[in-house]
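What follows is a single structure, written as structure tokens, with notes after it.
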Amino acid sequence: MRKIFILFNLIVLILLISSCEDILNPNNETHRTKIKYHAVLKDQEHSVIMPLKVGNEWEYKFTRTGSSEVEYYKTIVRRDTLIDGKKWFIVSDALHLMSGNIFTNTDNGLFVFSTCNCTCLGLRAEYPANFKTYYFMKFKYSPLFVNYYTDNGEFIKSDEITAELDSWIDVEKIKGFPTIFGKKDCYKYHMHFDPITIKNAKASYYLSYDEYYVPDLGLVRQEYFTTNDKGLVNLIATYELIKTNVKI
């Protein structure tokens, strides 16, 4: 049975490809999630899932499964801006290797503006969480290259495919999750996408990732997975928070 592994950077491109100019000037075709917020919070640093303040930084250690190489990336809140008279923050997001993502905390949680062949407004992390599955975003991406390995280690590159993905999130509360500040209660957001069929691989797979947020601290861990048509789940990459200037 062939083992399917998605190249990490391609997953990143699917998830949140950003264009700051498009985000700040959205058109009438902006796609919004089914969950909407009623108000942008005035206090963006306390009682929120991700504290937003210009200068806030989070440094992450990135590892790929089966590789001894370690990379380090930072998420940095670059500056604030007003959208419809409300404060948003332009963030260089290490986890998506792009700059120009725009975040804000609302009464329904962390929202983000991003673009992926269209301008999208989505709920990134619901807070307070109601622990139900909710719809995040529809992603459209073309072309997409998916690489995989056979059981004997042969590397094969698939054909180009056009992907249109609906993403859904399940929320779970976890007590005593290990962080750089010790064990903390956190929220786990499991994002999963509709399956994609790859021509060369002759198999279907699901993309998914788990994000672990500690309120008032932010994202402390992220794990990327693939699940093939046989139900085999592969952890392919991990981000781990190792340093931050956010106090908790």
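Positions are given from 1 along the sequence.
- Looking only at distances, a side-chain donor or acceptor of Y134 sits under 3.5 Å from a matching main-chain atom of E126.
- Separation of atoms CD1 (I180) and OG1 (T244) is listed at 6.0 Å; rounding is to 0.5 Å.
- D216 meets the side-chain contact (heavy atoms from CB on, under 4.5 Å) test with V48; sequence neighbours excluded.
- With a 4.5 Å cut-off between side-chain heavy atoms of Ile, Leu, Val, Met, Phe, Trp and Tyr, the cluster of Y72 takes in V70, I242.
- When atom types are taken as modelled, the side chain of N130 and the backbone of K132 share a donor-acceptor pair closer than 3.5 angstrom.
- A salt bridge between E71 and R64 is present, with a side-chain N of the basic residue lying under 4.0 Å from a carboxylate O of the acidic one.
- Counting all heavy atoms, side chain and backbone alike, G218 lies closest to W58 at CA-NE1, 4.4 Å.
- F62 and Y239 have their aromatic ring centers within a separation under 6.0 angstrom.
- N234 places no side-chain N or O within donor-acceptor distance of the main-chain N or O of I236, the cut-off being under 3.5 Å.
- Salt-bridge annotation for D93 and R124: present, with a side-chain N of the basic residue lying under 4.0 Å from a carboxylate O of the acidic one.
- With ring centers used as reference points, Y212 lies 6.0 Å or more from Y187.
- With contacts defined as side-chain heavy-atom distances shorter than 4.5 Å, the pair D170/H192 qualifies.
- Between the side chains of Q44 and T104, a donor-acceptor pair is found at a separation under 3.5 Å.
- At a threshold of 4.5 Å between non-hydrogen side-chain atoms, the residues Y37 and F111 count as touching.
- Between the side chain of N56 and the backbone N or O of P51 there is at least one donor-acceptor pair closer than 3.5 Å.
- With hydrogens and angles disregarded, a donor-acceptor distance shorter than 3.5 Å links the side chain of Y60 to the backbone of L219.
- Across all their heavy atoms, R78 and V54 have their closest contact at O-CG1, 3.4 Å.
- Proximity of a side-chain donor or acceptor of N105 to a complementary backbone N or O of L41 within less than 3.5 Å is not detected.
- Judged by distance alone, the side chain of N101 and the main-chain N or O of V112 form no donor-acceptor pair under 3.5 Å.
- In this structure, the ring of W88 has its center no less than 6.0 angstrom from the ring center of F103.
- The minimum heavy-atom distance linking I248 with L217 is given by the pair CD1-CB, 3.7 Å.
- Cluster annotation: I76 is not connected to L110 through the hydrophobic network of ILVMFWY side chains, with a link wherever side-chain heavy atoms come within less than 4.5 Å.
- A donor-acceptor pair shorter than 3.5 Å can be found between the side chains of D210 and H190.
- For D80 (side chain) and K87 (main-chain N/O), no donor-acceptor pair under 3.5 Å exists by modelled atom type.
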